[in-house]
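Everything numeric in this text was worked out from a predicted model, so none of it was measured.
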Amino acid sequence: MPMKTLGLTSTLAIFAAFPALAELNFNRIASFATPQNMAQGEDAARETSAEIISASEDGMTLVYTDSPLGVIGLVDITDPKAPKAMGNIDVGGEPTTAVFIGNMIFSGVNTSESFTNPSGKLVTIDPATRAITAECDIGGQPDAVAKAPDGSFLAIAIENERDEDAGDGGLPQMPAGYVVKLPVVDGVADCDAQVRVDLTALAEIGAEDPEPEYVDVNAAGEIVVTLQENNHIVVIGADGTVVSHFNAGEVEVSGIDTKRDGRLEFTETKGAVPREPDAIAWIDADHFATANEGDWNGGTRSWSIFNKDGTLIWDSGNTLERAIAEIGHYPEHRSHTKGVELESVKFDTFDGVPMAFVASERSSIIAVYDLTDPASPVLRQLLPSGVSPEGIATIPARNLLITANEVDLRADGLAPAHVMIYERTESLAAYPMLTSAGTDPLIGWGALSGLTAGAEPGQLYAVSDSIYGAMPRIYTIDATQTPAQITAALDITRGGHPAQKLDIEGIAPDGNGGFWVASEGRSDRLIPHAIYNVNDKGEIKQEIALPEALLPHEIRFGFEGITVAGDWLWMAVQREWKDDPKGMVKLLAYNTADKSWGAVHYPLDTPAEGAWMGLSEITLHGDWVYIVERDNQIAGKAVTKKLYRVPVADMQAAELGGTLPVVTKELVHDFLPDLAVLNGYAMDKVEGFAIDSAGTGWVVTDNDGVDDSSGETLFWSIGTMN
């Protein structure tokens with residue numbers, strides 16, 4: 001099929017199933033990588049971050065704090081679909097929060113030399129001249145900074161955080177924290193008029209050592225502050241005195257996963273633990289919302305709404321975590337601690353609708369809630385974000401939502417930190433593309449690594465890899481719905497128990513109601529390279545090991561896909577083994593009738609410098625064998641994410657140990673434009689491809705089980721395959 005035609009088909013196929021537009025939704029429209037703000041000649045490989053973010057009063061400029069570089073970064077969003085770098089400004093320390101009042105930026109800066117000798121300042125920055133125009137000594141280590149809605153003052157949480165490695169890491173660890181209330185007059189901070197509000201002797205936990213974490217200010221000039229480690233919330237009146245304070249309470253949550261065991265099982269209970277809220281946001285004159293991240297002894301995987309008198313109005317319990325699990329974003333490796341770890345919350349009103357935006361640090365998701373009734377919030381959307389969203393900004397006048405995503409993973413060959421921009425328009429939600437919503441019991445999923453077709457149009461089966469080593473599974477997908485639905489999960493078993501030592505990367509029907517699955521293998525972890533035949537109950541009935549001739553040449557990168565051609569099973573080997581010429585990788589064949597082995601060589605594209613090239617999938621359809629070939633690069637470094645096809649006539653398996661015939665390949669489709677459809681950064685792992693019974697090609701990406709990953713799973717069609 002001509003590539004140009006297929007590209008158009010792909011774009012249409014992604015959106016063709018959408019019904020008529022009927023409601024307003026947020027969708028991501030742009031992403032900005034923080035290294036773009038480094039000046040020419042700087043070492044752009046240095047770690048950078050986007051932590052707390054806010055917008056100018058005209059909504060045209062963003063400012064974010066970048067702790068690793070000791071700068072604030074500016075982004076021009078005059079055209080929000082095409083954000084432009086405005087560079088970084090050094091602030092002389094570690095910036096923690098930056099906000100605009102008028103045309104000036106005010107940033108809290110940590111200058112502490114130690115935990116026991118904390119210090120900090122508030123700096124005033126003129127973005128037009130890029131100069132620091134004033135500094136205020138605020139006496140300690142600042143965390144959050146919030147401005148009064150009328151711009152008349154700043155509230156600063158002076159945390160004076162504890163040393164987690166000192167003693168048992170708990171409280172007290174002096175000196176105590178406090179809140180600074182600092183007037184701003186005609187755009188100038190009045191340093192001498194600052195008031196330091198004492199918060200000692202309030203909390204039940206560590207009363208002598210309050211650690212203010214986050215602050216927000218309402219229209220009446222009241223400041224609400226979380227004392228996270230103290231599990232306490234304090235309301236400071238407009239006159240600067242404490243008017244109310246209360247313990248944030250404890251929560252017992254059931255129906256969640258509490259064990260880090262390579263399995264997603266949402267049937268467990270976490271006993272009552274302190275909320276230990278991090279971010280807090282006023283939602284009206286009397287109520288505020290908290291994100292109950294936890295730090296020392298707590299973290300409840302929930303967010304809450306309180307009356308300022310301390311009355312609990314609502315708590316999300318397990319509902320948000322389970323909703324996140326439905327879309328494949330649950331971080332199983334965090335099950336034993338704080339799960340999805342809700343860290344940030346932001347309130348604003350869009351077109352008359354009061355809304356809360358809740359950020360999950362560990363699942364990289366932003367939850368959008370309708371707060372028309374604060375006692376009964378309604379979850380409207382789950383938005384994909386970059387890795388570890390930390391800060392949230394809203395610009396209702398422009399229908400924009402912004403997230404700052406703090407983690408820079410380039411040292412591990414992964415994505416940099418990003419600022420992401422979303423717009424609320426009359427449109428359908430573009431994400432999720434795949435969900436298990438409605439399953440009972442809840443089907444947890446992620447790390448989809450192989451795809452194959454069932455008997456009906458739109459019926460597909462997927463497998464997940466060794467991220468879930470205690471839960472090898474085959475998922476049934478109904479792709480006729482939008483989003484596509486995971487409707488069932490079949491555990492792969494051996495002797496009646498979930499099979500161990502598998503790393504499943506490929507699946508194909510065996511023609512008898514069961515499946516052939518290919519395990520990539522990794523000998524250093526005692527996981528064999530092997531083929532397994534699984535019946536319709538998930539039981540392993542046959543195991544086929546590698547032939548002796550190949551064992552001396554193996555490396556950890558083994559099978560990535562399996563397909564059936566009569567008596568032959570064909571497996572794509574991901575990368576060159578020790579006996580392969582450079583740039584050649586095996587398509588390995590096993591004959592189920594005579595138990596013989598053979599192979600052909602497949603020529604890989606040349607990778608960019610520092611990258612490698614490999615195969616991710618193989619599937620037979622008609623006279624062609626389709627191969628997914630990709631590099632291991634992500635975001636701006638991604639180059640090759642392609643679908644090739646090889647004539648079936650070329651698939652003549654030669655005996656192992658000799659010279660192998662080289663197949664010819666033809667480019668069918670470039671996946672890179674498809675990977676940009678959500679306006680994020682390009683995912684590295686296009687792992688599954690299948691052609692259903694109607695001839696439609698389907699593609700899925702592997703989200704690595706949300707481990708050092710944003711967790712996004714893209715699932716889409718590239719149209720009819722000729």
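- Taking both residues in full, the closest heavy atoms of A499 and I540 are given as CB-CD1, 3.8 Å, listed atom of the first, atom of the second, then distance.
- The ring of H669 has its center no closer than 6.0 angstrom to the ring center of F689.
- Closest approach of V706 to P331, counting heavy atoms only: CB-CA, 4.3 Å.
- The closest side-chain heavy-atom distance from L620 to V564 is not below 4.5 Å.
- In this structure, CG in D503 is found 3.5 Å from OG in S466, a value given to the nearest 0.5 Å.
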#### Entry: Criterion salt bridge (Lys or Arg N to Asp or Glu O under 4.0 Å) on E361 and R334, from CA distance to verdict
CA-CA 11 Å; E361 178 182 8; R334 300 292 298 176; over 6 Å; no
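- Atoms CZ and NZ, on R522 and K501 in that order, are 11.5 Å from each other to the nearest 0.5 Å.
- Counting all heavy atoms, side chain and backbone alike, A545 lies closest to W597 at O-CZ2, 3.2 Å.
- With hydrogens and angles left out, the side-chain atoms of S709 and N703 include no donor and acceptor closer than 3.5 Å.
- A distance of 8.5 Å separates CG in D692 from OG1 in T720, rounded to the nearest 0.5 Å.
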#### Entry: CA sep, side-chain torsions, deciding dist, call: L587, L615, side-chain contact (heavy atoms from CB on, under 4.5 Å)
CA-CA 10 Å; L587 302 178; L615 306 185; 3.8 Å; yes
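- D567 places no side-chain N or O within 3.5 Å of a backbone atom of N591 that could act as its donor or acceptor partner.
- Side-chain contact check for D491 and T493: no donor-acceptor pair (N or O, by modelled atom type) lies under 3.5 Å.
- For R494, the side chain to side chain donor-acceptor pair (under 3.5 Å) test picks out no residue, with sequence neighbours left out.
- Counting all heavy atoms, side chain and backbone alike, S710 lies closest to S364 at O-CB, 3.3 Å.
- A salt bridge links E687 with R630; the closest basic N to acidic carboxylate O contact falls under 4.0 Å.
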### From CA spacing to verdict: side-chain contact (heavy atoms from CB on, under 4.5 Å), T452, T619
CA-CA 8 Å; T452 195; T619 188; 5.6 Å; no
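- The backbone N or O of L678 sits less than 3.5 Å from a side-chain atom of R28, completing a donor-acceptor pair.
- Atom NZ of K637 sits in a sparse spot, with 12 or fewer heavy atoms from other residues, nucleotides or ligands closer than 6.0 Å.
- Side-chain atoms of D412 do not come within 3.5 Å of backbone N or O of L414 as any donor-acceptor pair.
- For the pair V573/F559, a side-chain contact is recorded, criterion being any heavy-atom separation below 4.5 Å from C-beta on.
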### Task
Step by step, work out the side-chain contact (heavy atoms from CB on, under 4.5 Å) result for E560 and E520.
CA-CA 6 Å; E560 289 274 337; E520 180 177 11; 3.2 Å; yes
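- Residues P457 and T696 fail the side-chain proximity criterion, which asks for heavy atoms closer than 4.5 Å.
- Using a 4.5 Å cut-off on side-chain heavy atoms (C-beta onward), I492 and I474 make contact.
- When atom types are taken as modelled, the side chain of E539 and the backbone of G496 share no donor-acceptor pair closer than 3.5 angstrom.
- Under a 3.5 Å cut-off, the side chain of D261 and the backbone N or O of R263 do form a donor-acceptor pair.
- Below 30°, between 30° and 60°, or above 60°: for W612 and F557 the angle between ring planes is between 30° and 60°, a tilted geometry.
- Side chain of Q633 to backbone of V639: no donor-acceptor contact under 3.5 angstrom is found.
- Counting heavy atoms from C-beta on, the side chains of I531 and L569 come closer than 4.5 Å.
- Under the 4.0 Å criterion applied to side-chain N and carboxylate O atoms, R556 and D524 are not assigned as salt-bridge partners.
- Considering I544, I504, I562, L502 as possible partners of Y532, the one that fulfils the side-chain contact (heavy atoms from CB on, under 4.5 Å) test is L502.
- Distance alone, capped at 3.5 Å, is enough to place a donor-acceptor pair between the Y431 side chain and the T713 backbone.
- Residues passing the ring pair (Phe, Tyr, Trp, His ring centres under 6.0 Å) test with Y475, sequence neighbours excluded: none.
- Of the possible donor and acceptor atoms, one in the side chain of H529 sits under 3.5 Å from a partner among the backbone N and O of I555.
- The closest donor-acceptor contact from the side chain of D478 to the backbone of Q485 lies at 3.5 Å or more, if one exists at all.
- Between the side chain of S31 and the backbone N or O of N679 there is at least one donor-acceptor pair closer than 3.5 Å.
- Interatomic distance, NE2 of H329 versus CD1 of I365, reported as 4.0 Å (0.5 Å rounding).
- Once rounded to the nearest 0.5 Å, the distance linking OG of S436 with CD1 of I477 reads 11.0 Å.
- In this structure, the separation between CD on E265 and OG1 on T267 is 4.0 Å, given to the nearest 0.5 Å.
- The minimum heavy-atom distance linking P509 with W516 is given by the pair O-CD1, 4.2 Å.
- Using a 4.5 Å cut-off on side-chain heavy atoms (C-beta onward), T563 and M571 make no contact.
- Sparse packing is recorded around CG of D623, with 12 or fewer heavy atoms of other residues, nucleotides or ligands lying under 6.0 Å away.
- The minimum heavy-atom distance linking I627 with I618 is given by the pair CD1-CG1, 3.7 Å.
- Looking at E629 and K642, no side-chain N of the basic residue comes within less than 4.0 Å of a carboxylate O on the acidic one, giving no salt bridge.
- The shortest side-chain heavy-atom distance between M420 and I366 does not fall under the 4.5 Å cut-off.
- A salt bridge is absent between R301 and D257; no separation between the charged side-chain nitrogens and carboxylate oxygens falls under 4.0 Å.
- You'll find the side chain of L320 stays beyond 4.5 Å of the side chain of S302, heavy atoms only.
- Between F266 and Y330, the two ring planes are perpendicular [angle over 60°; tilted spans 30° to 60°].
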### Message
Between L434 and L448, is the side-chain contact (heavy atoms from CB on, under 4.5 Å) condition met? List the steps.
### Response
CA-CA 11 Å; L434 182 64; L448 300 184; 3.5 Å; yes
